[in-house]
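Presented below is the structure to which this report refers.
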2 protein chains.
Amino acid sequence: MGSLKFYRGPEENNSDSHKANPLDPEEFRRQGHIMIDFIADYYKNIEEYPVQSQVQPGYLRKRLPESAPYHPEAIETILRDVHDHIVPGITHWQSPSYFAYFPSSGSIAGFLGEMLSSGFNVVGFNWMSSPAATELESIVMDWLGDMLQLPKSFLFSGNGGGVLQGTTCEAIVCTIVAARDQMLSRIGRDNIGRLVVYGSDQTHCAVQKASQIVGINPNNIRAIKTTRSTEFALSPELLRSTICSDIEDGLVPLFLCATVGTTSTTAIDPLGALCDVAKDYGMWVHVDAAYAGSACICPEFRHFINGVEGANSFSFNAHKWFFATLDCCCLWVKNPSALVNSLSTNPEYLRNKASDSMQVVDYKDWQIALSRRFRALKLWLVLRSYGVANLRNFIRDHVKMAKVFERLVGMDERFDIVVPRNFAMVCFRISPSALRKAPSDYDDENGIINNVNRKLLEAINASGNVYMTHSVVGGMYLLRCAIGATLTERKHIIMAWKVVQEHANAILSEYK
Amino acid sequence: MGSLKFYRGPEENNSDSHKANPLDPEEFRRQGHIMIDFIADYYKNIEEYPVQSQVQPGYLRKRLPESAPYHPEAIETILRDVHDHIVPGITHWQSPSYFAYFPSSGSIAGFLGEMLSSGFNVVGFNWMSSPAATELESIVMDWLGDMLQLPKSFLFSGNGGGVLQGTTCEAIVCTIVAARDQMLSRIGRDNIGRLVVYGSDQTHCAVQKASQIVGINPNNIRAIKTTRSTEFALSPELLRSTICSDIEDGLVPLFLCATVGTTSTTAIDPLGALCDVAKDYGMWVHVDAAYAGSACICPEFRHFINGVEGANSFSFNAHKWFFATLDCCCLWVKNPSALVNSLSTNPEYLRNKASDSMQVVDYKDWQIALSRRFRALKLWLVLRSYGVANLRNFIRDHVKMAKVFERLVGMDERFDIVVPRNFAMVCFRISPSALRKAPSDYDDENGIINNVNRKLLEAINASGNVYMTHSVVGGMYLLRCAIGATLTERKHIIMAWKVVQEHANAILSEYK
C-alpha cells in the first residue's frame, strides 16, 4: 500500500474533529475521499499480501489497547492502524489468487450500492418506512427472476415474489418455518416432534442448523447418502424410500432442500424427479442454488435448474458469484402468504394506512428480523452497471478459467479430477498412483493419500501465494479450486497451478 | 442536490466501462469519489426533501423499465435516476427533522467503517476465514462492555463474551434457542410444547416473532399487562403469579425478555426484581436495551440497567443511537457455550487447525447465519473517531434537546406529557381538556381524543416538515417525538414544536 505513508502525518485533525457534527457534510466529504483512496490503493496492492492471513490466534489483542479511547482520534491515525494491525489479519477474499470456499465477489457497482445504502441509512421494515426500499426490491427481484427464467409463479407478476435476505441460512429458516406452520395447522401443533426435514449428505450445513433453530427434532433431519457413481447427487429413489420408512415410523415428511451446486463438489440434485417425489407427500421443496444460481443467467447453464417449477422456493447468493458484496441472498417463493402467515407481527407502533390498505408489501413479514437494510440498491447498481450481457461474460470468463485449470490438472498424470467440473470450481487431488511403484506398498492407501493431499493444501496455503480449501467426499480428501474472485485473470490460474505443482514435487519426493 | 446537474452529461463512459475489470482500482477510485460527493451533497441538501416520503404505492414500477438492461450503463446515468426516482421514495431517516420510531443514527465513522467492511468484503464465519474480523469483534465487544459497566461475567475477560448480530430479533432467536435446548436437554425434547416465554404487553414484537420461529407454541407466549400507574413497566409480582399459574397448568417457564426503554414509551422494566423471580424458576433472562442501552455509557444513565448482573444475556442496537449505521446489534452472553451448543455445525469443508485447537472463537456458532460481515470495523471506527467523551456528549445533547421539547409541550396547556421522559423521547398528546368547555359533552371522550391526536399526527407528517410516529398505551393514542437523528440541532426541535402547534390550532378549531 504505497501511498499509505500519507497517513503517517501529524494528527492535526484530532482537536477539530470532535467539535463538528458527526455527520457534517463537508467533513464527510473529506474523510470519504480519504477512505476511497485507501481502498483503491488496497485493491491496487492486494497481491503484495499473503492470500491467507498468516497471524496466530490472539495476535490482535496484543497490539490494541485494553479499552476504548476517551478522546477522539483522527481518521489518518485509524487508517494507519488498519494498515499495520488489521490488514495482516485479513484473509484476502478479494485477492486474484483467492480460490477458497466459494468466492465473495465484489465489484465497484456492488460497493457503490452499499455506500448508497449506508448513506441513506433507512430502516425499510415496511413500505411506509421508505417506499423506495420496498418497491425497488420487488422490481429487481422480478428483473432477476426473469434473467434466471424462473417460472412466472415465483415472480410478483405471477403472484409469487422475491425478497432479499442476508444469507441462505436465513432464507432456509424462513421457508422451513412457513412449511412447518402450514403443516402444523393441518395436523396440530403437538406434532412438531414428528416433522422430518430431508437433504443429502452434501446438503449445506445451513439446513441442519435452520432445522434445529425452528424446533425440528435433531433426530428427524435426514442426510441421505450420496455416492461418486452419481456424482454426489441426491437420489430420488433413496429419497422416496427414506420417506416411506419415516412414514412407517409415524413421522411426517415436511421439507426437502435440493441443491444445485453443492459446497463440496458443486453437485446437482435432479430437481424435477425430486420435486415429483416430494409432491406425492405434500412436502415443501426449497432449491438452494447459493453458488451456482448466478450461472443460470447464461442460457447454456440454465438447464441446471430445470425442474425448479416443481419447487416452492428458490434462493441464490448474489454475494457469492454475482458481484454484490456481502450480504445478499435472493429468495423467491411461490406463496408469499405462507411466509407472511408465519412471520408477521403487527404491533400498534408500526400500524400505518399503507399497510392497512393491503396494497403494499411489508418485507418485515418475509424475514426473521424487523430492521432491514436497503440491499436492493446494490443489486440494482450491479444489474445496471454491467447489464445482462456483461454479467454473463464475467461468469463465462470464470468458467473458462476453470477449464484452463482443469486442463492443466488433467495434463499432469500425478493428479486426478475427482468429479466432473460443472461450473467454475475444480475438485482435484494427488492420485494414489502418484505415490508408489508397486500397488500394494501401503496398508491404508486411502488414509495415506488423504494425508498427502492434506499436506499439499497446507503447504500451498502457507506459501501465501494462493488460498484453496478442501472437502472430503466418499472418503476422499480433495482440494477445491473455486474461481470467481473478481480480480482473477488467466495468469493467476497459471500461477496457481505452478504453486500446486511445486509443492506437490516437494511432498511426493518424500514418498518416492 | 444542487451539484446533481453534473450527472446529466452525455453518457460517454458507457462504451468503456464494460471492458475494464469490475473491480479495477482506478475505476473504483473514479466512481468512488463521485459517489462520496453524491452522498455528501445529499446530506448538505437533506432539508429540502419532505421527511416522510409522499409517494403513492406502486410509484416506482411506473417509472422503471420492465426488465434489467442488456448493456451496461454509466454511473452518472444511474445516479441521475437515484436522484429522480429513488430519492422521492425515501423517508429521510437522516433528516434533522426525523423524530419517528427510534433513530437510525448515522455518522461519518460508521459510514467509513461500512466502506472498509465492504471493501475488504471478507466472510468471517470462523477465525480462520479472516482472523482480524473475529479478533477485532471480541476486542470491541469487551471495550463496549466496559463502557457500559457490564458485569465482567458478560465479557471475554470474564468467560462470557460479546458478538455482533444484525438485529435484536436475531439476538433473541439465538438466545431463546440456547435457553430452549438447555431446558429440553433436562426435561426431554417432547416437552417443547410446554415451554413458556414471558414479556410484557410493551415488550417488542421481536420476542413474539422469535418465539414462534423457534417453535414455542403461540399460546405459550405471555404479554403481561402493564399500566400507566407503574409507567408501563413489567411488574415482578404479576410475572410471578403468571408463572405460578402456568406451572399449575403443567407448563414450563423458559425465558423472560425484560426491556430497558420500550418502543412505545421507553419504559424501564425493573431488572433486579425480575431476575430474582426468574431465578426461582431457572429461567433465562434476556435484557433488551435496543434503544436505551447506548445511553448507559453515561454514568448518570447507567442506573437504568442496574440489575443486569442477574440476567443471562443483554443486547442493544448500535445502529439506533450509537452512530453505527444499520445493522449492528451488540449481544453479550454469560455462557457462550449455551449458544454454541445450539448453533454450531462442523461440516468437513469448514474444518481447520485453528478451530480444532479450540483456541479461537468461531462466531458462526454464535448466530443464525454462517456468513457474516466484518461489522466490528464500524464499531471500532465509531469508538475511536469520537472517543468515549464525545459519544457521551452526543447522547447528552439529544437528551437535552428532548428536555427542550418536553418543556415546550409542558408550557402549552392543551397538551399532556403522557409518561415521564427517561431518555431522548417525549410521549405527548392533545389533552382531552383541550377539546371542550364542559366535561361531558362527548359520549366517547377517549375515542374522540384519540382521533384528534391521530389527525394531528397525519397532518404534521403530511406537511413533510417533520416525521413522528405514534403508539397506543393504556388505550391512549400518543405521539412520539424521538430525538436522535445525528443532524438534529436545537433549532429543529423548536421548529418541530411550531409545526405541531400550528396543526393543533387548525384541528382544535374544529372542536371548539
Side-chain angles (χ1 to χ4, degrees), chain A residues 18 22-23 25 28-29 31-32 35-36 39-40 43-44 53 55 57 60 68-73 78 86 89 91 93 104 106-108 112 114-115 118-119 121-123 130-132 135 143 167 169 205 209 215 325 345 347-349 359-360 369 371 383-384 386-390 471-472 486, chain B residues 18 22-23 25 28-29 32 35-36 39-40 43-44 53 55 57 60 68-73 78 86 89-91 93 104 106-108 112 114-115 118-119 121-123 130-132 135 143 167 169 205 209 215 325 345 347-349 359-360 369 371 383-384 386-390 471-472 486:
Chain A
H18 69 281
L23 211 52
F28 176 94
R29 197 186 307 271
Q31 294 193 27
M35 185 61 91
I36 286 293
I39 299 173
Y43 290 138
K44 203 162 115 187
S53 169
V55 300
L60 193 56
Y70 189 75
H71 295 293
E73 297 179 272
I78 298 171
I86 302 299
T91 290
W93 288 63
S104 164
S107 68
I108 298 167
L112 297 186
E114 280 285 0
M115 280 173 74
S118 26
N121 202 23
V122 301
V123 187
S130 233
E135 298 207 8
W143 284 8
T167 66
C169 303
C205 64
K209 185 164 176 174
T325 53
T345 48
E348 179 63 36
Y349 47 80
Q359 282 180 33
V360 297
S371 296
L383 293 174
R384 295 192 62 186
Y386 306 119
V388 176
N390 278 327
S471 193
V472 174
T486 310
Chain B
H18 69 281
L23 211 51
F28 176 94
R29 196 185 307 269
M35 184 61 90
I36 285 293
I39 300 172
Y43 290 138
K44 203 161 116 187
S53 169
V55 300
L60 193 56
Y70 189 74
H71 294 293
E73 297 179 275
I78 298 172
I86 302 300
I90 295 280
T91 290
W93 289 63
S104 163
S107 69
I108 298 167
L112 298 186
E114 280 285 1
M115 280 174 73
S118 26
N121 202 23
V122 301
V123 187
S130 234
E135 298 207 8
W143 283 8
T167 66
C169 303
C205 62
K209 185 163 176 174
T325 52
T345 48
E348 179 64 36
Y349 47 81
Q359 282 180 33
V360 297
S371 296
L383 293 174
R384 295 192 62 186
Y386 306 120
V388 175
N390 278 326
S471 194
V472 175
T486 310

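Sequence lines set the chain letters: A, B, ... in the order given, protein chains first and strands last, and positions in each chain run from 1.
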Taking side-chain hydrogen bond (donor to acceptor under 3.5 Å, both in side chains) as the test, write out the residues that go with A/S371, two or more places apart. none
Just give me the residue among [options] that pairs up with chain B most often, heavy atom to heavy atom, under 4.5 Å.
| options | answer |
| --- | --- |
| A/I86, A/V55, A/V123, A/T325 | A/V123 |
| A/S53, A/P347, A/A389, A/G32 | A/A389 |
| A/V388, A/V472, A/L23, A/V122 | A/L23 |
| A/C169, A/P57, A/G215 | A/P57 |
| A/E114, A/M115, A/H71 | A/M115 |

What's the spacing between [X] [atom1] and [Y] [atom2] if we round to 0.5 Å?
| X | Y | atom1 | atom2 | result |
| --- | --- | --- | --- | --- |
| A/Q31 | B/I36 | CD | CD1 | 10.0 Å |
| A/N390 | B/Y70 | CG | OH | 9.0 Å |
| A/I108 | B/M35 | CD1 | CE | 11.5 Å |

For A/S130, is it the side chain, the backbone, both or neither that has a heavy atom under 4.5 Å from a heavy atom of chain B? both
Please find the pair of heavy atoms, one from A/P69 and one from B/W143, that lie closest to each other, and give the distance. CD-CZ3, 4.1 Å
For B/E348 and A/S471 the tightest heavy-atom approach is CG-C, 4.2 Å
Where does [X] contact chain A at under 4.5 Å (heavy atoms): side chain, backbone, both or neither?
| X | result |
| --- | --- |
| B/V360 | side chain |
| B/S107 | both |
| B/T167 | side chain |
| B/E135 | both |

Walk me through it: do B/N121 and A/S104 pass the test side-chain hydrogen bond (donor to acceptor under 3.5 Å, both in side chains)? CA-CA 7 Å; B/N121 202 23; A/S104 164; 3.3 Å; yes
For B/F28, check ring pair (Phe, Tyr, Trp, His ring centres under 6.0 Å) against everything at least two apart and list the hits. A/Y43, A/F111
